[in-house]
Novice: 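Take a look at this one; I'll ask things after.
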Amino acid sequence: MKRQTAWRVFAGEFNDSNVEVKGEGEMTPSFVVTPLGAKVNRLFIIGVLTDVENISQEGELLRAHISDPTGVFTLYSGQYQKEVTEALSNIDVPTFVAVTGKARTYNPEEGLMYVSIRPERILEVSADIRDKWIFETCKNTKDRIEAVMEAMKMDESNVNELKKLGYSRELSEGIVEALKSYENIDLKKYVTLIKESLQYLRPSKETLPDIKIDKDEKEIEEEIIDDKKKEKVTIKKKRN
Amino acid sequence: MVKDNLDSYIDDILNALGDDFKTEVSRENIEKELSKFMEYGVPIDQAKQTLIKKYGGQAVLTSSEQSSERKLISDLQPNERSVNLLCRVIAINPKEITVKGDIRKIFYGILGDESGTISFTAWNSELDLERGDVVEISNAYTREWQGSVQLNLGDRISIKKTDKEKLPESAFEPKTMKIVDLRSGVGAVDVTARILEINERETEIDGETKKIFSGILADETGKAQFTSWHDFKFKEEDVLQITGGYVKSWKGIPQLTFDQKATVKKLDKSKIPKKDLQINKMPLFMIVEKRGALDVEVEGTIIDIRPGSGVILRCPECNRAMTNNECSIHGAVEGKQDLRVKLVVDDGTGSVNSALNKELSEDLLGKTLEEYKKMDEVTMLEDINKKLFAHRINLQGNALGDEFGTSLIARKAKLIDFDIQDEADKLSQELEELL
Ligand SMILES: [Zn+2]
């Protein structure tokens, strides 16, 4: 089987996903379709690893969070991902990490879907590499927005028509699926998301965003505590 | 073709593959591939056969009793038996001949499919065919006559008229195509390209020596290989319009094949200036979807440095990389050390593998094999990861596809740095214009 593309998707887009295309049988992969039509089986993300926690009473199941300029990715890594699980438990947080992983879904009830990532590989990276990922992801997200806009112009969005415009088969299929499955796709939201992310890369041009690469450790720690609080709040919400 | 109509064909394919295959081949995949064939105007039966064959099943002519695979006319060699074809009658004429004193009526004419045409003789006086009919023929045989392959419809043949839509007129019209769009299975193309390289070789067909010309041609969209079975007397750097060729492929690399039935017209060289023939840079999905390509440039992020990277041992006999001091073919041998890096390069639209040889690796890493030999493995891999992982890389070379995906056989490799603030400014600008 061919290798699955590692999509560049911000947490802010990925976490908005509530559509899954399930593969039939073991050999066919499943995909999470984001509102911008990314048809994600595998992702490549870079961000700040903020916390790692063993959430299993008996064995080992780690939950970790990786923050990017737009939100937070949730990772679960267990005994079947031995190498990553071990690596995760040995990394001191916070630090910049790159993760390749598979999109996973959790459906607590009908119509409700949460996405997470099952990491395949994790490596620490530099701030400079993180910035490049942000840029690349901004660019790919913008490409998707443009493709969705093209599809919206069509009477009925169509994979072949999108392909003719130069988009990949995967993205074309994802966009057709997204337009079918999402009530309304808030393109403005994702444009804003890109704009905010770009601010991280242009410190001289605008006011500084709240996470900056060269700030001191104390600030980062405070922020992480903040993040954890936020996380607890959202978890409570989900359980209610 | 409407999607609903494909369903029954997909069923046919799955049935032909049998239960063993159903777990491995998804309906979705087959549908995808089948729709692709439809898109390129491949007749449904041929598409079906191809997919069945691809997944290891026994190709079956579903609509007829015959259990043998359909052949394309362009693939026919002299002296083949049991030839099965789906073709259109392009010309048919009766003729009276004398056999052992008796006058007998036979037919002769031309048959065609999307790959080409062939002249035929039918030894059956009752043949009820007319021009334009689409027929399924089984058990025909071939002979060589005056240097070309002839089809004979003898006593044993079965011939059946079938739906004309199985081989629509459009399958015969040469389609004007750019080289980047050439894909295996496309018959009758019209390509304008510059010849970059020609090699001449001789081959023996049926006791006769025949010259074959092969090489590389290009237009502004890309490069492809070609094979000409006829001496059209063209030279390197000629710009040609080649009408009536068909496309085969090897590991995804398209090969334009043509013979004396094709038209080759020499055009003014300014039609495709040499300066336009730069290496084509393309997003990775394009290469993955095409499976392979000749001489392309790609750029992406190194998202993995795979096991087997760094200092390795190669078998002195066969040059294979050894594992645990053993060659998989030659067993325990004294290996010689080499350096390589095996990368997964991904641009967010597609993913390729690329193994870089010693020269390219040393260049990228800024260290020599000798220097890495002195390190322990952990230090070496850390160094390699630090220099390459998550960096952007630009590769040039041939892309080859197989069942595990596409590999880029790199001829050149360089890491790409870019001014991130500059690029971010540009992107912000573009974003302002977007909504
Ligand atoms: Zn060997």
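Hydrogens, waters and symmetry mates play no part in the numbers below; they use all other heavy atoms, side chains included. Please read these numbers as outputs of a predicted model, since none were measured by experiment.
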Novice: Do the side chains of A/Lys139 and B/Leu427 get nearer than 4.5 Å, heavy atoms only?
Specialist: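 Side-chain contact under 4.5 Å: yes.
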Novice: According to the interplanar angle, ranging from 0 to 90°, do the rings of A/Phe135 and B/Phe418 count as parallel (below 30°), tilted (30 to 60°) or perpendicular (above 60°)?
Specialist: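 Correct class here is tilted.
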Novice: Contact part of A/Val125 toward chain B, heavy-atom cut-off under 4.5 Å: side chain, backbone, both or neither?
Specialist: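 It is the side chain, since no backbone atom gets that close.
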Novice: Contact part of A/Asp143 toward chain B, heavy-atom cut-off under 4.5 Å: side chain, backbone, both or neither?
Specialist: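 Answer is neither: A/Asp143 stays 4.5 Å or more from chain B.
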Novice: Is there a donor-acceptor contact under 3.5 Å from the side chain of B/Asp346 to the main chain of A/Thr5?
Specialist: no
Novice: Could B/Asp417 and A/Lys132 be called an ion pair, given the rule that one side-chain N must be under 4.0 Å from one carboxylate O?
Specialist: yes
Novice: For A/Arg3 and B/Val344: C-alpha separation, side-chain torsions, deciding distance, then whether side chain to side chain contact (heavy atoms under 4.5 Å, CB included) applies.
Specialist: CA-CA 10 Å; A/Arg3 197 189 153 86; B/Val344 177; 3.2 Å; yes
Novice: Considering non-hydrogen atoms only, spot the tightest contact between B/Leu434 and A/Met149 and give its length.
Specialist: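 Scanning both residues, the minimum pair turns out to be O-CE, 3.5 Å.
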Novice: Report which part of A/Glu136 has an atom under 4.5 Å of a heavy atom belonging to chain B: side chain, backbone, both, or neither.
Specialist: side chain
Novice: Under a 4.5 Å heavy-atom cutoff, which of A/Thr137, A/Val159, A/Leu123, A/Thr100 has the most pairs with chain B?
Specialist: A/Leu123
Novice: Which distance, rounded to the nearest 0.5 Å, do you find between the CG of B/Leu431 and the CD1 of A/Ile145?
Specialist: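 One gets 6.5 Å once the value is rounded to the nearest 0.5 Å.
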Novice: Rounded to the nearest 0.5 Å, what separation is found between the CD atom of A/Glu124 and the CZ atom of B/Phe389?
Specialist: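 Separation between the atoms: 11.5 Å.
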Novice: In sequence, state the C-alpha distance, the side-chain angles, and the governing distance for B/Glu28 and A/Lys22, and then conclude on salt bridge (Lys or Arg N to Asp or Glu O under 4.0 Å).
Specialist: CA-CA 11 Å; B/Glu28 188 201 13; A/Lys22 279 226 184 329; over 6 Å; no
Novice: Please give me the minimum heavy-atom distance between A/Leu201 and B/Ala424, naming the atom from each residue.
Specialist: CB-CB, 4.0 Å
Novice: Can you find a pair of side-chain heavy atoms, one from B/Lys32 and one from A/Glu173, that are under 4.5 Å apart?
Specialist: yes
Novice: Would you compute the distance between atom OG1 of B/Thr301 and atom CH2 of A/Trp133 and round it to the nearest 0.5 angstrom?
Specialist: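 Going from the OG1 atom of B/Thr301 to the CH2 atom of A/Trp133 covers 11.5 Å.
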Novice: Walk me through whether B/Glu289 and A/Lys163 qualify under side chain to side chain contact (heavy atoms under 4.5 Å, CB included).
Specialist: CA-CA 11 Å; B/Glu289 286 179 9; A/Lys163 279 188 65 197; 3.9 Å; yes
Novice: If you compare all heavy atoms of A/Phe44 against all heavy atoms of B/Ala390, which two are closest, and at what distance to 0.1 Å?
Specialist: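 The pair with the smallest heavy-atom distance is CZ-CB, 4.2 Å.
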Novice: Decide if atom CD of A/Glu183 counts as having more than 12 heavy atoms of other residues, nucleotides or ligands within a radius under 6.0 Å.
Specialist: no
Novice: Working to the nearest 0.5 Å, report the span between CG of B/Asp425 and CG of A/Leu198.
Specialist: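 The CG atom of B/Asp425 sits 9.0 Å away from the CG atom of A/Leu198.
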Novice: With a sphere of 6.0 Å drawn around CD of A/Glu86, does it hold more than 12 non-hydrogen atoms of other residues, nucleotides or ligands?
Specialist: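 At most 12 heavy atoms, drawn from other residues, nucleotides or ligands, come within 6.0 Å of this atom.
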Novice: Might you point out which heavy atoms bring B/Phe285 and A/Gly166 nearest each other, and give the distance in Å?
Specialist: CZ-O, 3.3 Å
Novice: Looking at B/Glu432 and A/Lys195, does any basic side-chain N land under 4.0 Å from a carboxylate oxygen?
Specialist: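 Yes, charged N to carboxylate O under 4.0 Å.
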Novice: Between B/Asp347 and A/Arg8, is there a salt bridge with N-O shorter than 4.0 Å?
Specialist: no
Novice: Between B/Val288 and chain A, which part of the residue has a heavy atom less than 4.5 Å away: side chain, backbone, both or neither?
Specialist: side chain
Novice: Chain A heavy atoms under 4.5 Å from B/Arg291: which part of the residue, side chain, backbone, both or neither?
Specialist: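 Answer is neither: B/Arg291 stays 4.5 Å or more from chain A.
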Novice: Which bit of B/Glu423 is near chain A, if near means a heavy-atom gap under 4.5 Å: side chain, backbone, both or neither?
Specialist: both
Novice: Among A/Leu187, A/Ile129, A/Ile46, single out the residue with the greatest number of heavy-atom pairs under 4.5 Å to chain B.
Specialist: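 The answer is A/Ile129.
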Novice: Is a donor from one side chain sitting under 3.5 angstrom from an acceptor on the other, for B/Ser351 and A/Gln4?
Specialist: no
Novice: Please name the pair of heavy atoms, one in A/Lys142 and one in B/Glu430, separated by the smallest distance, quoted to 0.1 Å.
Specialist: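 Nearest pair, atom of A/Lys142 first, then B/Glu430: NZ-OE1, 2.8 Å.
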Novice: Side chain, backbone, both or neither: which part of A/Arg121 has a heavy atom under 4.5 Å from chain B?
Specialist: side chain
Novice: Find the distance between OG (B/Ser35) and CG (A/Asn160) and round it off to the nearest 0.5 Å.
Specialist: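 Taking OG in B/Ser35 and CG in A/Asn160, the distance rounds to 7.5 Å.
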